[in-house]
2 protein chains.
Amino acid sequence: MSAEKPPHATAPRLSDVARAAGVDVSTASRVLNGDAGHRVAADTRARVLAAARALDYRPNPIARALRTARSHTLGIVVPQLDNPVFAQVIIGAESAARARGYSLLIAHVGPDAASGAEVYTRLAQAHHVDGLLAASLESDAALGAALARAGVPAVVLNRRLRAVPHHVVFDSEAAARIATEHLLALGHRHIAHLAGRPRGYNGRHRIAGFRAALRSAGVRPAPGLVAAAGYTLEGGARAMQTLLAAPVRPTAVVAATLLSAAGALKALHAAGRSVPGDVSVVAIHDAEIADMLYPPLTTVRLPLRAMGARAAEGLIDLIEGRCVAVAHVLAPEGLVLRSSTAPP
Amino acid sequence: MSAEKPPHATAPRLSDVARAAGVDVSTASRVLNGDAGHRVAADTRARVLAAARALDYRPNPIARALRTARSHTLGIVVPQLDNPVFAQVIIGAESAARARGYSLLIAHVGPDAASGAEVYTRLAQAHHVDGLLAASLESDAALGAALARAGVPAVVLNRRLRAVPHHVVFDSEAAARIATEHLLALGHRHIAHLAGRPRGYNGRHRIAGFRAALRSAGVRPAPGLVAAAGYTLEGGARAMQTLLAAPVRPTAVVAATLLSAAGALKALHAAGRSVPGDVSVVAIHDAEIADMLYPPLTTVRLPLRAMGARAAEGLIDLIEGRCVAVAHVLAPEGLVLRSSTAPP
DNA sequence: GTGAAAGCGCTAACAA
DNA sequence: TTGTTAGCGCTTTCAC
């Protein structure tokens, strides 16, 4: 009511609440933390709650962290922040973490990932994160070792590691199958695949889905119609050029990711091919840029935010001992039809 | 040498270092913090340093934060993470902060920004950030009030606020001038401008630069050749459609930002106009997507990472009392010639 | 030049 | 059911 605050009001502490409620700080602490074991008298609890509200009390997370050795902070490591795919994952993870009272510290490591490994230990030791979300690109062995050294629970995104049981992955095989079946349904028979990293988790599975769809349709995949394109614009462009120079030329392409699809479009334009007139292109992954490309790109949408969210929730469950294993395989959300695919 | 670590080794504390060096914790603390006031004997300092290195000691930032009431954490608020422009700013801010021993907590608020204001107080109160970097889009008044309420130093990015003296902005007028002069040099005379938010800080200045360049070249800007496009794909497309329906049709367009340029390209393709054959397009801001569009977009590059870095450094100076005002105006880095501009 | 001691704000045994 | 007490790991007066 009469907001008679001192000019340089300092934030109210728990002891202020306790004094206002006429109880000890320990009692106030119990009430405010909803301590299940100890029962508190109803009127005491009400008085404390009222005092806390009246003072607009916010617990000091730093003091709490020091005492409990829990920072309520998660760390996520991504290779490059300026990638729409990772941006979505981060958004999903951040909302989920915040909803559970955790905050998210973001660290990005170059895709070269020479220094990648130490980021994990830095987050764990210097920033005292309670758990790690790993989306970086170093080798399985290096990542496994780095996470082990970090000494906190970790969930790996987008691949499976022998050394770290917890993961959230996409059903990449299904995604590639959906993309390929779309092209088959349009009548294409000479279909190429711009793979990411063929030895990587997603690379393998997308190739498998691509081949499976062809097989089911009775199409024998021509050798040389799978090219490694990596996850970059340049890689996609280069791989597409190779494909265009091959003896049997594809009428359609399944790109493993958005950036390589953009590179493929660039190469096709440069070669004077029309899309989808001469070549149809479909990409796995969806983001706003799909709509900015020319022509707007048909894609298979994968639940990126959900990946971030499930990983964060799983990690928090792990940290709080509420579960012992996190393993999600997320299904594709479906085909997003735009203008880059048509009958041959 | 003989790494005889206990199985569940807990992190070494300052007291461990002190004991190993045969000194008191207070002395160890002085050495490790390079306390200027107190002089420490050279050999004592050497022993402490050696012990710290031998034990691989890392100070516990949480304990330090509790004691000093400094979290060494900065908060940055951006509208949408999945925008290449903000991603670059964040990367710049993060590196600069890390280099100075600070970490960066990222919060994103929807562009609607209804809830935008409370994010600042949440970061300040609940996360105890030492300072704020504000890149969100709410009204000047709302942002000023929110930052005042947060009660920590703040630097505003990309605009100037009466209420908050500290800012880092681009020389938007120069950027628009460079873009417009490029088109004039190519021989264009009917040049349109896809403005962002015409009342906003950047919007105003970009319009001013656009007009100034035309004036200097003796070209009278036709009315109706400045359209508000906002900062989105749809906005750009809509504004371009309007321009195409206008009585005097432009042969070239200066777009205030990448996304609206992408929208303009979309609208031009839809209308069957060729770029740059019928219409040239140049955008302010540069990022990888400029190279993915068709045709690859000529842009004026602005130092995005530098903006993040300067803002973070200035904020840290403010926090540590090393300076009392931060005000940077960053010059454009120049024109990036790609394929979307040509003589009329 | 170095050590002793207090305490940042909070939680969690343990006592009463 | 509530209060007393002891710290979490660190910094910082204040003595010596």
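Convention: sequence-line order gives letters A, B, ...; per-chain numbering from 1. Note that these values count all heavy atoms, side chains included, but never hydrogens, waters or copies made by symmetry.
- One atom, CD of B:Q125, and another, C1' of C:dG9, lie 16 Å apart when rounded to the nearest Å.
- Between C:dG3 and B:T27, a contact under 4.0 Å exists linking OP1 or OP2 to a side-chain N or O.
- Whole-Å rounding puts the B:R19 CZ to D:dC10 P distance at 12 Å.
- Between A:S29 and C:dT11, a side-chain N or O to OP1/OP2 separation shorter than 4.0 Å is present.
- When all heavy atoms of B:S136 and B:Y120 are compared, the closest pair comes out as OG-OH, 2.6 Å.
- The residue among B:V23 and B:R67 whose nearest nucleotide of DNA chain C is located toward the 5' end is B:V23.
- For the residue pair A:S71/A:Y102, the side-chain donor-acceptor check at 3.5 Å is not satisfied.
- Taking 4.0 Å as the cut-off between side-chain N and carboxylate O, B:R45 and B:D43 do not count as a salt-bridged pair.
- Atom pair B:I62:CD1 and D:dG9:P shows a separation of 11 Å (rounding to whole Å applied).
- Considering only the side chain of B:A63, D:dG9 comes nearest among C:dT11, C:dG3, D:dG9.
- In this model, the phosphate group of D:dT11 is approached by a side-chain N or O of B:N33 to a distance below 4.0 Å at OP1 or OP2.
- If you check every strand for non-hydrogen atoms under 4.0 Å, A:D24 touches a base.
- With salt bridges taken as basic N to acidic carboxylate O contacts below 4.0 Å, one links B:R159 and B:D140.
- The distance between atom NE2 of B:H128 and atom C1' of C:dG9, rounded to the nearest whole Å, is 10 Å.
- Residue B:Y57 places no side-chain N or O under 4.0 Å from the OP1 or OP2 atom of D:dG9.
- The nearest whole Å value for the distance from the CG atom in A:D43 to the P atom in D:dT2 is 7 Å.
- Among the atoms of the strands shown, only primed sugar atoms or phosphate atoms (P, OP1, OP2) are found under 4.0 Å from some heavy atom of B:T68.
- Between the base of D:dG3 and the side chain of A:R30 there is a donor-acceptor pair shorter than 3.5 Å.
- We find that A:D24 and A:R30 are not joined by a salt bridge, their nearest charged nitrogen and carboxylate oxygen being 4.0 Å or further apart.
- Comparing B:L66 and B:A41 against DNA chain C, the residue whose closest nucleotide sits nearer the 5' end is B:A41.
- Rounding to whole angstrom units, CZ of residue A:R64 and C1' of C:dC8 are separated by 16 Å.
- Contact annotation: A:T44 does not reach the phosphate of D:dT1 (side-chain N/O to OP1 or OP2, under 4.0 Å).
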